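Everything below concerns the one structure shown next.
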Amino acid sequence: MAVKARPVVAPIYNWQGCYIGGNVGGGWSRMTTTQSVIDPGIPATGNYGRENDSGFIGGAQAGCDFVAGKDLVFGVQGMFDFGSVKGQHALTDFPTFSETNNFRSVGTATGRIGYLWTPQFLGYVKGGMAFLRNKNEVFTPGGALLESASFTLPGMTVGVGGEYMFAPNWSAFLEWNYMWIEDTSGQHFVAPGTAIGEVLNVKQTAETVQFGINYKFHWDGPLVAKY
């Protein structure tokens, strides 16, 4: 007597829910610095130059996605990454002096919208706020630290990426992000152990390319279906 085959169980790739995960990648930063005021209030216009840096970046992300219809996915996300994106350059108007720019971390709060090209693959764009953390130092011709400042620059970010759900609760993504501040920001650089120094105007843009893994917590229905 013939035995009826057991129904095949296939995964449903459910994008609605929340997730947490981690990421690694590369970062690039471009910063320009110019003098504004030398303490105690003397106007100055020295050009300290522009620096292009690159390095490692990595961290974590969390968010939630909402499915609209069959193909559209809307989401919100928070991401935080530490970086080692730094370098050194000679000051344009004072070439015997040097400056280091160190892009140390970035946090973003974004929304995204995506399209499901297949049940497993989501292409998306994202945009929102970015907060870029930096530490800059200026050195004398002999290499001694002259002044430094640590500061966070609030700005904007946009990005594009793709995410592939390789198991019902797991996905991998690759994305590119661009970050910038709208206007220059005056930052007070001070000599070691003092409150005396100068105000430098800084302006920064940054890019990241990140690969990451997400674990998804679904909230609306079964993860498998029969056919």
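Along the sequence shown, the residues carry numbers beginning at 1. Quick caveat, the model's predicted, so the values are computed rather than measured.
Ring geometry, Phe82 versus Phe80: the interplanar angle exceeds 60°, so the pair is classed perpendicular (tilted spans 30 to 60°). Aromatic ring pairs are classed by plane angle as parallel below 30°, tilted from 30° to 60° and perpendicular above 60°; the pair Tyr215 and Phe217 is perpendicular. The aromatic rings of Phe94 and Tyr48 sit perpendicular to each other, their planes meeting at more than 60°, with 30° as the lower class boundary. Relative ring orientation between Trp117 and Tyr115 is described as perpendicular, the plane-to-plane angle rising above 60° on a 0-90° scale split at 30° and 60°.
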- Can you list the steps and then say if Thr208 with Met179 is a side-chain contact (heavy atoms from CB on, under 4.5 Å)? CA-CA 9 Å; Thr208 62; Met179 292 156 276; 3.6 Å; yes
- Evaluation steps, side-chain contact (heavy atoms from CB on, under 4.5 Å), between Glu163 and Val73: CA-CA 12 Å; Glu163 186 172 357; Val73 178; over 6 Å; no
- Message: Applying side-chain contact (heavy atoms from CB on, under 4.5 Å) to Glu51 and Met31, what does each step give before you reach the verdict?
- Response: CA-CA 6 Å; Glu51 183 171 305; Met31 180 175 287; 5.6 Å; no
- From CA spacing to verdict: side-chain contact (heavy atoms from CB on, under 4.5 Å), Thr45, Thr34: CA-CA 7 Å; Thr45 59; Thr34 57; over 6 Å; no
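Note that the NZ atom of Lys86 and the OG atom of Ser54 stand 12.0 Å from one another [nearest 0.5 Å]. With rounding to the nearest 0.5 angstrom, the CZ atom of Phe189 is 11.0 Å from the CD atom of Gln35. Going from atom CE of Met156 over to atom OH of Tyr178 covers 12.5 Å, rounded to the nearest 0.5 Å. Note that NE2 of His218 is 5.0 Å distant from CG of Asn14, once rounded to the nearest 0.5 Å.
A donor-acceptor pair under 3.5 Å is formed between the side chain of Asp93 and the backbone N or O of Asn47. A side-chain donor-acceptor contact under 3.5 Å links Asn169 to the backbone of Lys216. A donor-acceptor contact shorter than 3.5 Å is absent between the side chain of Glu175 and the backbone of Gly161. Between the side chain of His89 and the backbone N or O of Asn101, no donor-acceptor pair lies under 3.5 Å.
Hydrophobic cluster membership differs between Trp28 and Ile181, with clusters built from Ile, Leu, Val, Met, Phe, Trp and Tyr side chains linked at under 4.5 angstrom. Both Ile113 and Phe121 belong to a common hydrophobic cluster when Ile, Leu, Val, Met, Phe, Trp and Tyr are linked at side-chain heavy-atom distances under 4.5 angstrom. Under a hydrophobic-cluster definition in which Ile, Leu, Val, Met, Phe, Trp and Tyr are linked whenever side-chain heavy atoms come within less than 4.5 Å, directly or via other members, Ile213 and Leu174 are assigned to the same cluster. Cluster membership for Trp176 and Met129, using ILVMFWY side-chain heavy atoms within less than 4.5 angstrom, is shared. Hydrophobic clustering keeps Leu72 apart from Val76 (ILVMFWY residues linked when any side-chain heavy atoms are closer than 4.5 Å, directly or through intermediates).
Of the listed residues (Thr32, Thr184, Asn134, Leu153), just one forms a side-chain contact (heavy atoms from CB on, under 4.5 Å) with Val202, and that residue is Leu153. Of the candidates Arg112, Gln16, Gln77, Asp65 forms a side-chain contact (heavy atoms from CB on, under 4.5 Å) with just one, namely Arg112.
Between the side chains of Tyr19 and Gln61, not a single donor N or O lies within less than 3.5 Å of an accepting N or O. Side-chain contact, Gln120 with Tyr164: a donor N or O sits under 3.5 Å from an acceptor N or O.
In this structure the side chain of Arg133 reaches within 4.5 angstrom of the side chain of Ser150, judged on heavy atoms. Proximity of Met79 to Asp81: side-chain heavy atoms (C-beta onward) are separated by under 4.5 Å at one or more points. Annotation: side chain of Leu200 is not in contact with side chain of Gln187 (no heavy-atom distance under 4.5 Å). Side-chain atoms of Ile57 and Val106, non-hydrogen and from C-beta on, do get closer than 4.5 Å to each other. When side chains are defined from C-beta on, Asn136 counts as touching Phe151, because their heavy atoms get closer than 4.5 Å. Using a 4.5 Å heavy-atom cutoff, the side chains of Glu147 and Val190 are not in contact.
Considering all non-hydrogen atoms of both residues, Pro192 and Leu146 come closest at CD-O, 3.5 Å. Considering all non-hydrogen atoms of both residues, Ala62 and Ile20 come closest at CB-CG2, 4.0 Å. Smallest separation of non-hydrogen atoms from Gln204 and Ser29: NE2-OG, 2.9 Å. The two residues Gln210 and Asn23 have their closest heavy-atom pair at NE2-OD1, 3.0 Å. Looking at every heavy atom in both residues, Pro95 comes nearest to Ala90 through O-CB, 3.6 Å. In terms of heavy atoms, Val138 sits closest to Leu145 at O-CD1, 3.6 Å.
If you look at Trp15 and Tyr13, their ring centroids are not closer than 6.0 Å.
Listed by chain and residue number, nothing satisfies the salt bridge (charged side-chain N to carboxylate O under 4.0 Å, His left out) test with Glu198 (two or more places apart in sequence, or in another chain).
No more than 12 heavy atoms of other residues, nucleotides or ligands shown are found within 6.0 angstrom of CD1 on Ile196.
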